Number of protein chains: 2
Amino acid sequence: MSPREIRNMDQFAAVSGISRPTVSKYFHNPDSVRQTTRARIEAAIEQYDYRPNIFAMNQNRKLTKNVGIVVPLLADPYFAEIARNLEQRCIVAGYSPTLFSAHGDPEQEVAVLNNLRALKPAGVLLAPLGRASDTEVLAKFCDDVPTLIFDSSVAELGIAFVGSDNQQFTAHITDYLCRTGEPPCFFEMKNPANPNAHRRRHAYLAAMETFGHSPHVISVAGEGWGFEEIGRVGGHDAFARNLFPTNTILCSNDRLAIGLLTACYERGITVGRGDGSTVRIAGQDGHPHSRYTCPPLTTISHDYDAVSKHAADTLFAAIDGSVERWQSTRIEGRLILRDSA
Amino acid sequence: MSPREIRNMDQFAAVSGISRPTVSKYFHNPDSVRQTTRARIEAAIEQYDYRPNIFAMNQNRKLTKNVGIVVPLLADPYFAEIARNLEQRCIVAGYSPTLFSAHGDPEQEVAVLNNLRALKPAGVLLAPLGRASDTEVLAKFCDDVPTLIFDSSVAELGIAFVGSDNQQFTAHITDYLCRTGEPPCFFEMKNPANPNAHRRRHAYLAAMETFGHSPHVISVAGEGWGFEEIGRVGGHDAFARNLFPTNTILCSNDRLAIGLLTACYERGITVGRGDGSTVRIAGQDGHPHSRYTCPPLTTISHDYDAVSKHAADTLFAAIDGSVERWQSTRIEGRLILRDSA
DNA sequence: ATAAAAAATTTACGCGCGTAAATTAGCGGT
DNA sequence: ACCGCTAATTTACGCGCGTAAATTTTTTAT
């Protein structure tokens with residue numbers, strides 16, 4: 001078939017009968033060349049299986065088509081899922097996404113950002129670690145690279161913030177719990193890594209006041225990203241010390257709830273909304289795993305699609321030069337009623 | 001501090017008082033230059049915060065320091081965990097890892113491999129999708145790029161295979177279940193995506209014969225990577241049709257077991273090894289989540305550390321030119337006794 | 001048909017670094 | 001002081017492509 005291996009764009013241009021600059025133009029935007037030219041180039045690509053050298057492409061270009069996607073913890077299926085979603089959107093939009101995880105470690109987050117710089121990305125979709133993040137490093141990075149912050153907002157950094165409306169999350173599920181049984185206590189980490197946790201606590205307090213109930217916040221100790229274990233150990237401790245004045249517990253997030261469910265099991269406490277149950281437990285996030293807990297977890301779910309779509313679209317618009325003032329978009333969640341509450 | 005921004009290695013060499021080729025040498029191997037020279041370069045790096053342009057570095061080099069890590073499904077915490085582990089080992093060894101996921105889709109696996117080619121990686125750590133993989137594409141890729149296959153072996157591809165000893169996994173846990181109660185049925189997917197599933201079924205059959213019990217394999221329908229849902233739906237079906245002749249169920253993997261646990265909950269079947277329980281359920285994999293099911297799942301765990309260490313070390317050795325014949329290494333698992341069985 | 005606009009080509013240079021070859025400087029040991 | 005060795009420097013070229021400017025060709029509009 002092919003007379004010889006095509007080694008570079010010069011040779012490819014020669015065999016396809018098009019000049020190299022035009023070929024180069026084609027690879028940057030296939031629509032930017034004439035229909036007939038495009039067909040000839042694509043026929044040659046088919047025949048010779050030529051792909052331009054990405055290193056040479058990016059080296060001498062002010063801006064690449066690279067997009068970085070950074071999440072705090074890829075081992076958390078929530079972030080894995082949203083990362084997958086964002087990745088697809090980048091590909092569809094013609095960008096080359098690269099996935100990074102800070103693995104829950106602030107130092108690795110800094111390292112990731114430094115590596116990312118070297119990729120000269122057109123833009124970055126960044127979900128910061130939160131409280132543990134090095135804010136100065138983040139700010140400097142956002143100054144240098146078009147960055148959209150998602151999931152958790154640390155400051156008015158980057159081109160915009162897109163996340164979930166945590167106030168609405170907690171208000172909504174607190175409302176549901178109040179209407180269907182005893183008012184909920186609020187179960188959380190004492191020093192949450194994620195700023196969303198603070199919003200949720202505040203929203204809980206506000207909602208309880210609105211509904212005329214006295215709030216009860218149980219803050220358990222624990223550092224890091226092992227939320228299930230923190231919830232389990234903290235749950236045991238809280239039950240042992242009789243810290244829950246009502247039979248209903250709203251957890252700050254699903255992973256904490258999952259740990260609490262385990263603690264309940266281990267203590268022989270039945271969870272559910274049925275008559276035979278001792279406590280009701282609800283989470284927040286719509287974690288991929290929440291469907292499969294025992295009992296399945298009542299929660300309020302992020303709108304994964306809407307968040308990732310808005311985040312990606314906002315970044316792409318910014319890359320294309322639409323300069324807008326920094327703004328924060330928070331998307332409402334959807335209540336998922338299951339057996340746990 | 002710095003008089004002006006350092007734009008390239010020429011300028012950096014100038015301000016550090018070293019010639020550019022020597023600086024270049026330093027960046028490839030800091031130990032390859034004289035101690036005093038190294039100190040001067042590192043002082044200059046500190047002062048000017050210079051980092052060589054990775055695109056220019058890689059473009060004109062036969063072999064890069066890039067390593068690709070490919071997993072079939074990053075949303076599965078098992079793969080996320082092993083990917084994290086491998087990533088760290090690459091960094092420590094001086095390589096630049098990049099993470100890819102096929103997201104359970106054979107076409108995306110092919111796309112990932114094509115993108116990976118463009119990175120001219122020194123090596124690749126690849127966990128294939130398995131049955132759904134395009135074997136021809138994999139074979140061709142392994143011919144072109146030093147590739148170590150891990151987790152699931154499709155053929156004698158690449159430089160070697162490193163994974164878990166599924167025979168031992170199933171034999172060991174089957175043995176445990178037989179010794180402590182009724183002999184187990186085997187709960188699996190009818191058309192498992194992963195070849196390890198076949199090994200486990202065979203090991204189950206062999207073990208049951210060895211122990212003098214008649215085997216019972218329950219194969220449930222379902223395609224794709226939503227194992228929990230497949231286990232849940234299949235579990236409901238199997239219970240409804242009374243397909244389990246004994247009170248003990250060994251699942252082909254933990255995610256299937258998690259779905260089965262949910263089905264049990266939904267049918268009011270109590271799971272555990274205690275007197276009040278109806279069935280015992282065990283999984284296989286040591287999935288990160290298995291600790292937090294209700295009841296916590298008895299399982300046999302991969303030796304994450306050993307597998308990833310052996311995989312990484314083997315790849316690095318191959319990159320460094322140690323040519324050995326293809327070989328398969330299978331590492332034993334560790335039984336984790338919890339409440340479910 | 002003809003002019004104007006759009007697309008393609010030619011020409012030419014630069015990006016930042018790898019790398020090879022020949023030369024010079026630095027080092028320790030006798 | 002000398003020799004021999006290693007490390008560093010100088011010189012020079014190439015990688016594969018981006019990109020700008022000037023020119024020619026093709027398409028579209030009138």
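Since this is a predicted model, take the numbers as computed values, not measurements. Quick note on labels: first sequence line is chain A, next is B, and so on, each numbered from 1.
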Say whether A/E42 and A/Y26, considering side chains only, have a donor N or O and an acceptor N or O under 3.5 Å apart.
-> yes

Would you please name every residue forming a side chain to side chain contact (heavy atoms under 4.5 Å, CB included) with [X], sequence neighbours left out?
{"X": "A/A56", "value": "A/N53, B/Q59"}
{"X": "B/A75", "value": "A/A80, B/L73"}
{"X": "A/D320", "value": "A/Y95"}
{"X": "B/R84", "value": "A/H103, B/E81, B/Q88"}

Can you give me every donor-acceptor pair (side chain of residues 146-159 of chain B, partner residue at least two apart or in another chain, under 3.5 Å) with its distance?
from	atom 1	to	atom 2	distance (Å)
B/T147	OG1	B/V145	O	2.8
B/D151	OD1	B/Y78	OH	2.7

Please identify each residue that fulfils side chain to side chain donor-acceptor pair (under 3.5 Å) with A/K140, with sequence neighbours left out.
-> none

Summarise protein proximity over nucleotides 10-16 of chain C in one line of letters, 5' to 3': B for base, S for sugar-phosphate only, - for none, counting protein heavy atoms closer than 4.0 Å.
-> BBB-BBB

Separation of atom CZ in A/F55 from atom P in D/dG18, rounded to whole Å = 14 Å

Atom-to-atom span, CD1 of A/I6 to P of D/dC17 - whole angstrom = 11 Å

For DNA chain D, find the residues of residues 23-40 of chain A with a heavy-atom distance under 4.0 Å and give them by number; none if there aren't any.
-> A/S24, A/H28, A/R34

Could you go through residues 112-130 of chain A and list every donor-acceptor pair under 3.5 Å that involves a side-chain atom there, pairing it with any protein atom two or more places apart or in another chain?
from	atom 1	to	atom 2	distance (Å)
A/N115	ND2	A/A111	O	3.4
A/R117	NE	A/D144	OD2	3.4
A/R117	NH2	A/D144	OD2	2.3

